[in-house]
Number of protein chains: 2
Amino acid sequence: MYTKNPDSSELGRKIISSSIELINEIGFESFTFKKLGATINSPESSIYRYFTNKQALLIYLTSWYWTWTEYRLVFAMTIVASIDERLNKCIEILTQPVEVDDDISYVNEILLSEIIFAESLKAYHTKNVDEQNKIGCFEAYKSVVQRVSDIVLEIQPDFEYPHMLISTIIEGAHQQKYFSEHLPALTDKVKDKKAINSFYTELTWNFLKSTTRN
Amino acid sequence: MYTKNPDSSELGRKIISSSIELINEIGFESFTFKKLGATINSPESSIYRYFTNKQALLIYLTSWYWTWTEYRLVFAMTIVASIDERLNKCIEILTQPVEVDDDISYVNEILLSEIIFAESLKAYHTKNVDEQNKIGCFEAYKSVVQRVSDIVLEIQPDFEYPHMLISTIIEGAHQQKYFSEHLPALTDKVKDKKAINSFYTELTWNFLKSTTRN
DNA sequence: GCAAAGATAATAGTATTACTATCATTTCTG
DNA sequence: CAGAAATGATAGTAATACTATTATCTTTGC
């Protein structure tokens with residue numbers, strides 16, 4: 001995932017925090033190590049010592065996000081008692097961008113979540129997916145999907161498609177947000193910010209309830 | 001969408017049919033006009049007379065696909081009587097790759113549908129979406145989503161999220177297929193080829209039925 | 001049958017991207 | 001304070017994504 005751990009040095013942390021800001025500003029496509037180097041006043045060759053290329057950096061960021069999100073999920077589970085409310089909370093965390101920053105680290109979680117929603121699919125939609133997957137680049141994401149799938153199975157043990165449902169929700173929520181900003185004809189006019197969350201929550205419960213009835 | 005209509009000349013048609021094969025072989029990322037030129041024995045500068053860049057070509061291909069798919073939908077509707085069966089047929093067309101080629105044109109529809117499932121999101125997930133959308137690059141896709149949304153509304157006029165539902169199904173089916181091939185932990189082990197279709201069909205009817213009950 | 005127009009081929013050239021390499025300098029650490 | 005490690009400064013390469021120019025070939029109207 002990285003050549004040198006960015007968490008282990010000042011420059012490494014600067015690379016992470018500045019890349020999050022820069023990718024947010026200009027988008028991942030326009031983002032280059034040269035431009036990042038210019039903003040942090042370091043040569044691009046120094047950045048290459050941490051990441052082999054910008055895609056590796058994006059994978060690192062998504063992995064960071066999913067690891068952090070798994071923590072958020074675990075924490076949320078401890079303060080919600082009912083299993084139904086747990087699933088609702090999970091869906092909420094997965095479908096809505098982060099709005100408050102803990103400020104405990106050099107990572108701006110609000111901007112990072114924006115990147116995840118807008119660009120994370122570029123981390124695994126590449127010709128190198130298979131090798132990257134083999135070396136564990138997407139384990140954090142998988143772990144989140146597994147964890148929420150387990151809650152679905154707890155609610156309904158015979159449900160056949162828990163992973164399909166959860167990855168549909170995650171990726172769907174990302175795309176619906178993108179559509180609302182760029183291709184509104186592919187989504188629906190919504191009154192409030194929680195519409196996407198509501199949609200996937202309803203979708204989930206209708207699916208789970210109905211199969212229970214069978 | 002194009003600088004010169006590829007349908008208007010022998011070279012243009014060769015560009016389309018060969019690009020479909022080449023993109024399928026090496027993937028869109030590795031695909032370049034230089035390589036395409038080499039396979040059709042034409043200089044890349046000739047290809048640039050038809051498309052300003054490879055992304056414009058991809059947009060053309062997706063647009064071709066959705067226009068053709070709208071025709072398939074319209075045709076399917078004429079031979080299915082019940083409204084419920086109509087929606088089922090739509091979902092089937094949207095969630096399953098094409099398996100038979102009409103062979104009426106220079107376009108290999110089977111390979112094209114593979115490209116759409118695997119790479120179409122790269123057509124609109126770019127920094128230029130907004131301008132491209134403004135000049136109508138995605139109208140064919142929108143039209144398909146609108147048409148199926150109308151069927152949903154016919155079944156249930158008060159349904160709030162028809163476009164969200166249909167675009168979730170389309171994009172979801174594409175991604176689940178990709179996941180099953182590259183990141184199986186994000187989807188579920190499936191017995192037959194129709195599992196993705198079944199999942200989204202069930203999901204849809206549970207959603208529609210349940211809101212009817214309210 | 002031929003001239004003008006239009007399309008394609010052949011070739012060359014440029015800017016940017018995505019790196020790699022080298023060596024000097026700074027900073028850290030025992 | 002010596003040696004190691006990290007970073008800075010600079011240069012260079014291959015590939016990509018184009019643009020430009022001129023020559024050749026193919027139509028098509030007359």
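Residue numbers begin at 1 in each chain, while the letters A, B, ... track the order of the sequences. Worth saying up front: this structure is predicted, and the values here are computed from it rather than measured.
- Taking atom CG of residue A:Asn128 and atom P of nucleotide C:dC19, one finds them 10 Å apart after rounding to whole Å.
- Protein atom OH of A:Tyr50 is 17 Å distant from nucleotide atom P of C:dT20, rounded to whole Å.
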Table of protein N/O atoms under 3.5 Å from nucleotides 26-30 of chain C N/O atoms:
none

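- At C:dC19, none of the side-chain N or O atoms of A:Thr52 fall inside 4.0 Å of OP1 or OP2 (strictly under the cut-off).
- With ring centers used as reference points, B:Tyr161 lies 6.0 Å or more from A:Tyr200.
- Across all strands shown, A:Phe51 has no heavy atoms under 4.0 Å from either base or sugar-phosphate atoms.
- The distance between atom NZ of B:Lys127 and atom P of C:dT17, rounded to the nearest whole Å, is 8 Å.
- Aromatic rings from B:Phe33 and B:Phe51 are positioned such that their centres are separated by 6.0 Å or more.
- Rounding to whole angstrom units, CG of residue A:Leu58 and P of C:dA18 are separated by 13 Å.
- For the pair B:Tyr2/B:Tyr50, no side-chain contact is recorded, criterion being any heavy-atom separation below 4.5 Å from C-beta on.
- When every heavy atom of A:Ser17 is checked against every heavy atom of A:Tyr106, the shortest pair comes out as CB-O, 3.1 Å.
- Atom pair A:Arg13:CZ and D:dA6:P shows a separation of 13 Å (rounding to whole Å applied).
- Using a distance-only test at 3.5 Å, with no hydrogens or angles considered, no donor-acceptor pair links the side chain of A:Gln176 to the main chain of A:Ile196.
- As a whole-Å value, the separation of A:Lys54 NZ from C:dT16 P is 16 Å.
- A donor-acceptor pair under 3.5 Å links the side-chain atoms of B:Thr67 to the main chain of B:Ser63, judged by distance alone.
- Contacts between residues 14-49 of chain B and DNA chain D, defined by a heavy-atom separation under 4.0 Å, are made by B:Thr32, B:Glu44, B:Ser45, B:Tyr48.
- Crowding of B:Lys142 atom NZ: a count of heavy atoms from other residues, nucleotides or ligands under 6.0 Å exceeding 12.
- Taking the ring centroids of B:Tyr178 and A:His125, they lie under the 6.0 Å cut-off.
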Quiz item: Going through the checks in order, is the side chain to side chain contact (heavy atoms under 4.5 Å, CB included) test met by B:Lys35 and B:Glu44?
Solution: CA-CA 8 Å; B:Lys35 289 177 188 170; B:Glu44 45 173 346; over 6 Å; no

